[in-house]
Amino acid sequence: QVQFVESGGGLVQPGGSLRLSCTAPGFRGDGYAIGWFRQAPGKEREAVSCVSGSLGTTYYADSVKGRFTISRDSAKSTVLLQMNSLKPEDTAVYYCAANTVRNFCAPPLFLYEYDYWGQGTQVTVSS
């Protein structure tokens, strides 16, 4: 059973940076669109960013555009999310998952198209 593992979360002050990593041991996800999602307490899970499987095109939610960057390290079968200029409203558990329906990112990102969810990594932005 494939399951992603997210890492890199932590506590950071507003304006700081974190880099999240998403990998699935033994799973070659090059052909899949990989999405990052987040869920804050009391809120629904929302899409943050996505990188397509073939062309490598990307998608960003308006709330993170210009601050977050998604990238692939195909050699390591890893998808990274570089988060800069973090804000308290970015506080959430961040998850990654693979789109098993389409290999490209096209908003809106439907959660039901994504599978292999990991346990998530906590990001807390606070002074």
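These values consider heavy atoms only, across backbone and side chains, with no hydrogens, waters or symmetry-generated copies.
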Under 3.5 Å: donor-acceptor pair, side chain of S85, backbone of R67: no
Single-linkage hydrophobic cluster L111~Y59, side-chain heavy atoms < 4.5 angstrom: yes
Qualifying ring-ring contact (aromatic ring centres under 6.0 Å, His included) pairs with a residue from residues 18-39, counting only residues at least two apart or across chains: F4-F27, F27-Y32, F27-Y116, F37-Y114, F37-W117
Residue pairs fulfilling disulfide (SG to SG under 2.5 Å) with at least one residue in residues 71-127, sequence neighbours excluded: C22-C96, C50-C105
About how many Å separate CD1 of I70 and OH of Y60, when rounded to the nearest 0.5 Å? 6.5 Å
Return the OG1 to CD distance between T91 and E89, rounded to the nearest 0.5 Å. 8.5 Å
Run the side chain to side chain donor-acceptor pair (under 3.5 Å) test on N84 and S17 for me, step by step, so that the C-alpha distance in whole Å, both residues' side-chain angles and the decisive distance to 0.1 Å come before the verdict. CA-CA 4 Å; N84 298 328; S17 298; 2.9 Å; yes
The salt bridge (charged side-chain N to carboxylate O under 4.0 Å, His left out) partners of R102 (sequence neighbours excluded) come to E113
Closest heavy-atom contact between D115 and A97? O-CB, 3.4 Å
Restricting to non-hydrogen atoms, name the atom on Q122 and the atom on T124 that form the minimum distance, rounded to 0.1 Å. NE2-OG1, 3.3 Å
Say whether Y95 and V51 are linked into one hydrophobic cluster, either directly or through other cluster members, by side-chain heavy-atom distances under 4.5 angstrom. no
Connected via hydrophobic side-chain network under 4.5 Å: V5 and Y94: no
Roughly how far, to the nearest 0.5 Å, is the CG atom of L81 from the OG1 atom of T121? 11.0 Å
To the nearest 0.5 Å, what is the distance between CG (L80) and CG (L20)? 9.0 Å
Within one Ile-Leu-Val-Met-Phe-Trp-Tyr cluster: I34 and V101, side-chain cutoff 4.5 Å: no
Salt bridge present between K65 and D62 (N-O < 4.0 angstrom): yes
Those residues that, when tested against K43, pass salt bridge (charged side-chain N to carboxylate O under 4.0 Å, His left out) (two or more places apart): none
At their closest point, which heavy atom of S127 faces which heavy atom of P14, and how far apart are they? N-CD, 3.7 Å
Between L109 and A47, what is the shortest heavy-atom contact and its length? CD1-CB, 3.7 Å
Atom CE of M83 and atom CZ of R38: how far apart are they, to the nearest 0.5 Å? 9.0 Å
S52: which of T58, T57, N103 passes side-chain hydrogen bond (donor to acceptor under 3.5 Å, both in side chains): T57
Single-linkage hydrophobic cluster, 4.5 Å side-chain cutoff, L18 and F68 together: yes
With rounding to the nearest 0.5 angstrom, report the OG to CZ distance, S77 to R72. 9.0 Å
Heavy atoms of other groups near Q119 CD, more than 12 under 6.0 Å: no
Sorted by chain and residue number, the side-chain contact (heavy atoms from CB on, under 4.5 Å) partners of S7 (sequence neighbours excluded) come out as S21
Identify, with sequence neighbours excluded, every residue that meets side chain to side chain donor-acceptor pair (under 3.5 Å) alongside R45. Q39
